[in-house]
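Just below is one structure, and these are the notes that go with it.
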Number of protein chains: 2
Amino acid sequence: MNKVHKTIKLFGGRLTKIKKAIIEILLEDCCLLTKQKLVQRLKIKNIKPNRSTIFRELSFLTKSNLIIKNTITGIDYYEIPKDHHHHLVCLGCNSINKVEFGNYLKKQEKQIAKQNKFKIINHSLEFYGYCHKCQA
Amino acid sequence: MNKVHKTIKLFGGRLTKIKKAIIEILLEDCCLLTKQKLVQRLKIKNIKPNRSTIFRELSFLTKSNLIIKNTITGIDYYEIPKDHHHHLVCLGCNSINKVEFGNYLKKQEKQIAKQNKFKIINHSLEFYGYCHKCQA
DNA sequence: ATATTTGCAAACGTTTTGCATAGTG
DNA sequence: CACTATGCAAAACGTTTGCAAATAT
């Protein structure tokens, strides 16, 4: 949480109760958190911020690369870069599941970074298709 | 375009002037088309549909898997599954560039499909980071 | 003490909806 | 002919903004 604080300061922000709570929630359950779910989780912690505050905090944390926003089938999901993984997205029922992949793309990343003079911070990989139930 | 027509019928739709034009535009310039750009391209073809028609057509074509909607840094991009490729997304200037990758993920796809009883239709892979100019 | 954060209410833009008419198969 | 697609206007929705008060450093 010290590194987080540093990054926040670097981007001209302050480590408020809400920022801290959002980071904590994402660290606990790091994957596929929607705005709705986030609000629920905050409520449990007795934090009930205004709508605009949520927007502002998520925007700040995303811009400072502390969290990642990933829009899948039109819905915004937030995650924290930890336990890196990918997603299986069902086009039938819109369910999303994690897939572990190892660090299979590490080699490719280095190559691509070099070839394009591009500093890669992270990546996202989604497989779209139909889950077992929806293959009917 | 015959296969397209078939798919459209399968999903209870009709091959209208607008559907045809959207598919054609995406086939010509298959990558990263925004709604705005699409409207521009249609105008050149002397097709000036109502806003709601655009929404409805894009929604229909996406649901029938004829085109793909990919939201990157908050902006919706439409593509057609052709000349498969991936993206380098700059978090500094929001520029997006193609990366060719070979069919490197084919093996993985098959394995993942088998392990999860999941029928993969396509995938999207984005590398986020900073382009040469924005690394300052 | 100074600058950021917050809640509130209003403004804004995008997307969706209902309906009558036009167009497709 | 039956059914889908379209344009229009209104409604609904999510997001952004300006400001004064509260809070963090």
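Every chain is numbered from 1 and lettered A, B, ... according to where its sequence line falls, protein lines coming before strand lines.
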query: If you look at every heavy atom in H87(B) and K98(B), which pair is closest and at what distance?
result: CD2-CA, 4.5 Å
task: To the nearest Å, give me how far apart CD1 (I18(B)) and P (dT4(D)) are.
output: 17 Å
query: What's the CD1-P distance between I54(A) and dC8(C), to the nearest Å?
result: 13 Å
- prompt: Looking at the rings of H123(B) and H84(B), which for Trp means the six-membered one, are their centres under 6.0 Å apart?
  reply: yes
query: Nearest to the side chain of R56(B), which nucleotide is it out of dT6(C), dT14(C), dC8(D)?
result: dC8(D)
query: How many Å lie between CZ on F55(A) and C1' on dA10(C), as a whole number?
result: 15 Å
query: Centre of F60(B)'s six-membered ring, under 6.0 Å away, within 45 degrees of the axis: is that where NZ or CZ of K19(B) sits?
result: yes
- prompt: Between dG23(C) atom C1' and L15(B) atom CG, what is the distance in whole Å?
  reply: 13 Å
query: How close or far is atom C1' of dT16(C) from atom CG of L58(B), stated in whole angstroms?
result: 14 Å
message: Which is more 5' along DNA chain C, the nucleotide nearest K9(B) or the one nearest R51(B)? Just name the residue.
response: R51(B)
- line: What residues 35-47 of chain B contributes to the DNA chain C interface at heavy-atom separation below 4.0 Å is K35(B)
field: Whole-Å gap separating P (dG7(D)) and CD (E57(B))
entry: 9 Å
- prompt: Are any of T16(B)'s side-chain N or O atoms less than 4.0 Å away from OP1 or OP2 of dT4(D)?
  reply: no
task: Indicate, with yes or no, if I18(B) and V4(B) share a hydrophobic cluster defined by side-chain heavy-atom contacts under 4.5 Å among Ile, Leu, Val, Met, Phe, Trp and Tyr.
output: yes
Nearest-nucleotide pick for N50(A), side chain only, options being dC8(C), dT15(D), dT17(C): dC8(C)
query: Is any side-chain nitrogen or oxygen of K19(B) closer than 4.0 Å to OP1 or OP2 of dA5(D)?
result: yes
- prompt: Just to confirm, is there a sub-4.0 Å distance from OP1 or OP2 of dG7(D) to any side-chain nitrogen or oxygen of S52(B)?
  reply: no
field: R14(B) side-chain proximity, nearest of dA2(D), dT15(C), dT25(D)
entry: dA2(D)
- request: Check the distance between dT4(C)'s C1' and L61(A)'s CG and give it to me in whole angstrom.
  value: 14 Å
query: What's the verdict on salt bridge (charged side-chain N to carboxylate O under 4.0 Å, His left out) for K69(B) and E79(B), showing C-alpha distance, side-chain angles and the deciding distance?
result: CA-CA 7 Å; K69(B) 175 171 139 182; E79(B) 3 185 338; over 6 Å; no
- request: In whole angstrom, give the distance that lies between atom NZ of K17(B) and atom P of dA22(C).
  value: 14 Å
query: Considering heavy-atom distances to DNA chain C, does S59(B) or H5(B) have its closest nucleotide positioned more toward the 5' end?
result: S59(B)
- request: State which residue, out of T71(A), T62(A), T34(A), N70(A), fulfils the side chain to side chain donor-acceptor pair (under 3.5 Å) condition with D76(A).
  value: T71(A)
- request: Applying salt bridge (charged side-chain N to carboxylate O under 4.0 Å, His left out), run through K45(A) and E28(A) and close with a yes or a no.
  value: CA-CA 13 Å; K45(A) 286 179 184 263; E28(A) 284 164 27; 3.8 Å; yes
- request: Could you check G13(B) against D76(A) and say which one's nearest nucleotide on DNA chain D is further toward the 5' end?
  value: G13(B)
